[in-house]
A.B. asks: 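What follows is a single structure, and I will ask about it in a moment.
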Amino acid sequence: KYNKLTELIETTGYTKIITSGGYEFTGSNVFFDNKKKLIYSDYQTQVLDKDGNKIEVNMFNYSISTNIFFSKGNIKMSDVNNNNYNFSEIYIDENKKKIIGSDVKGFLNQKDLVVNNNSDPRFFANTMVLTEKENTLQKGVFTYCKNRENDKCPPWSLQSKRIKHDLAKKTIYYDNVLLKIYDFPI
């Protein structure tokens with residue numbers, strides 16, 4: 001539907017949008033506000049970026065003038081290495097090729113990171129910035145320990161104000177790291 005007075009286009013049902021930056025949005029019931037240069041929906045939408053990251057959101061706003069995507073709520077992302085991330089908010093800047101998320105829970109499933117069946121590499125952080133060359137976590141906690149029932153603490157974890165993962169060097173750098181060792185069950 002198109003309202004000529006408000007310059008608002010509304011789609012009903014399946015909708016696919018391809019942005020000028022090559023991102024694909026697939027969802028339903030999408031609005032295009034030509035006056036505000038804004039595309040938005042309050043329905044389940046999947047975003048696929050040029051790197052193969054798949055992001056599932058329950059709502060989104062996309063500014064056509066700034067090429068910035070925003071969503072909040074229960075956000076799930078999986079990358080090309082089969083790693084899974086959960087966020088409470090996410091911003092995607094198409095121009096800078098940068099993803100910024102808050103309240104991050106990352107579960108690393110790529111084969112070269114999993115040591116054996118007793119390892120569940122994962123991290124939690126306040127924020128995460130993903131770019132082509134590096135990923136940066138602020139106030140993060142990382143462990144390889146098997147995930148235990150009832151959200152019990154892992155036997156050990158690394159905590160740091162800043163964790164940087166250099167993707168080219170395959171190296172992780174920690175600022176002000178703290179190794180925490182918890183009681184082991186006997």
Side-chain angles (χ1 to χ4, degrees), residues 21-27 44-62 68-94 96-182:
Y23 286 65
E24 293 182 17
F25 301 172
T26 308
Q44 185 75 29
T45 302
Q46 183 179 49
V47 180
L48 181 64
D49 71 13
K50 293 171 92 176
D51 296 325
N53 296 314
K54 293 178 187 173
I55 305 161
E56 295 179 18
V57 300
N58 294 324
M59 60 74 64
F60 76 90
N61 289 318
Y62 176 76
I68 293 180
F69 172 92
F70 166 76
S71 183
K72 65 181 178 179
N74 185 18
I75 301 160
K76 296 180 181 192
M77 182 177 108
S78 60
D79 66 18
V80 294
N81 294 314
N82 198 31
N83 299 312
N84 297 308
Y85 308 89
N86 297 324
F87 303 96
S88 66
E89 281 188 358
I90 194 168
Y91 291 87
I92 302 171
D93 187 331
E94 285 185 311
K96 294 180 180 176
K97 297 181 182 176
K98 183 187 292 188
I99 298 173
I100 302 168
S102 63
D103 300 322
V104 186
K105 292 182 180 180
F107 303 91
L108 308 175
N109 299 311
Q110 66 192 70
K111 292 179 182 175
D112 58 345
L113 288 177
V114 177
V115 178
N116 59 43
N117 290 340
N118 290 323
S119 64
D120 284 329
R122 62 194 179 280
F123 62 83
F124 295 175
N126 284 359
T127 60
M128 181 175 183
V129 178
L130 295 93
T131 65
E132 289 179 288
K133 297 181 181 179
E134 69 181 30
N135 297 333
T136 305
L137 304 157
Q138 297 293 330
K139 294 188 180 178
V141 178
F142 174 79
T143 188
Y144 258 97
C145 297
K146 185 80 174 164
N147 202 352
R148 303 183 317 169
E149 294 179 30
N150 301 323
D151 291 326
K152 292 182 182 176
C153 293
W156 67 268
S157 67
L158 292 174
Q159 296 180 4
S160 180
K161 289 184 180 180
R162 184 171 175 255
I163 303 170
K164 184 175 110 177
H165 180 203
D166 186 315
L167 300 172
K169 293 180 182 178
K170 297 184 179 181
T171 306
I172 297 176
Y173 302 95
Y174 297 92
D175 291 350
N176 301 319
V177 72
L178 172 65
L179 171 61
K180 288 193 115 180
I181 299 176
Y182 304 93

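Position 1 is the first residue of the sequence, and the numbers go up from there. In this text the structure is predicted, and so the values were computed from the model without any measurement.
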A.B. asks: Rounded at 0.5 Å granularity, tell me how far NZ in Lys98 sits from CG in Asp93.
C.D. replies: 7.0 Å
A.B. asks: Roughly how far, to the nearest 0.5 Å, is the CG atom of Leu158 from the OG1 atom of Thr143?
C.D. replies: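 The OG1 atom of Thr143 sits 7.5 Å away from the CG atom of Leu158.
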A.B. asks: Do any side-chain atoms of residues 49-59 form donor-acceptor pairs under 3.5 angstrom with protein atoms, and if so which ones, sequence neighbours left out?
C.D. replies:
unit_1, atom_1, unit_2, atom_2, d
Asp49, OD1, Asp51, N, 3.0
Asp49, OD1, Gly52, N, 3.0
Asp49, OD1, Asn53, N, 2.9
Asp49, OD2, Asn53, ND2, 2.9

A.B. asks: Quick one: do Val104 and Phe123 satisfy side-chain contact (heavy atoms from CB on, under 4.5 Å)? Show the steps, please.
C.D. replies: CA-CA 8 Å; Val104 186; Phe123 62 83; 3.7 Å; yes
A.B. asks: By the definition ring-ring contact (aromatic ring centres under 6.0 Å, His included), identify the one residue from Tyr62, Phe87, Tyr91 that meets it with Phe70.
C.D. replies: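 Of the listed options, the one satisfying the test is Tyr91.
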A.B. asks: Can you tell me how far NZ of Lys97 sits from OH of Tyr23, rounded to the nearest 0.5 angstrom?
C.D. replies: 8.0 Å
A.B. asks: Report the C-alpha distance between Thr136 and Arg162 in whole Å, list the side-chain angles of each, state the deciding distance to 0.1 Å, and finish with yes or no for side-chain contact (heavy atoms from CB on, under 4.5 Å).
C.D. replies: CA-CA 7 Å; Thr136 305; Arg162 184 171 175 255; 3.7 Å; yes
A.B. asks: List the residues meeting ring-ring contact (aromatic ring centres under 6.0 Å, His included) with Phe60, not counting sequence neighbours, and say none if there are none.
C.D. replies: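 Phe60: ring-ring contact (aromatic ring centres under 6.0 Å, His included) contacts with Phe25, Phe69.
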A.B. asks: Looking at side-chain heavy atoms only, is the closest gap between Val177 and Phe142 below 4.5 Å?
C.D. replies: no
A.B. asks: Strictly distance-based, threshold 3.5 Å: is any side-chain N or O of Ser160 a donor or acceptor partner for the main-chain N or O of Asp175?
C.D. replies: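 It does hold such a pair.
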A.B. asks: Determine the minimum heavy-atom distance between Ile99 and Ile92, stating which atoms define it.
C.D. replies: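 Ile99 and Ile92 have their closest heavy atoms at CG1-CG1, 4.1 Å.
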A.B. asks: From Gln138 CD over to Ile163 CD1, what is the distance, rounded to the nearest 0.5 angstrom?
C.D. replies: 9.5 Å
A.B. asks: As an exercise, state the distance from CG of Asn74 to CG of Asn86, rounded to the nearest 0.5 Å.
C.D. replies: 6.5 Å
A.B. asks: Tell me, which pairs form a salt bridge (Lys or Arg N to Asp or Glu O under 4.0 Å) where one or both residues lie in residues 133-142, sequence neighbours left out?
C.D. replies: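 Found Glu134-Lys164.
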A.B. asks: Could you check whether any side-chain N or O of Asp79 sits under 3.5 Å from a backbone N or O of Asn81, counting only pairs where one atom can act as donor and the other as acceptor?
C.D. replies: yes
A.B. asks: In Å, rounded to the nearest 0.5 Å, how long is the span from CZ of Arg122 to CG of Asn84?
C.D. replies: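 It is 13.5 Å, given to the nearest 0.5 Å.
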A.B. asks: Taking all atoms of both residues into account, what is the closest heavy-atom pair of Ser88 and Asp103, and its distance?
C.D. replies: OG-OD2, 2.5 Å
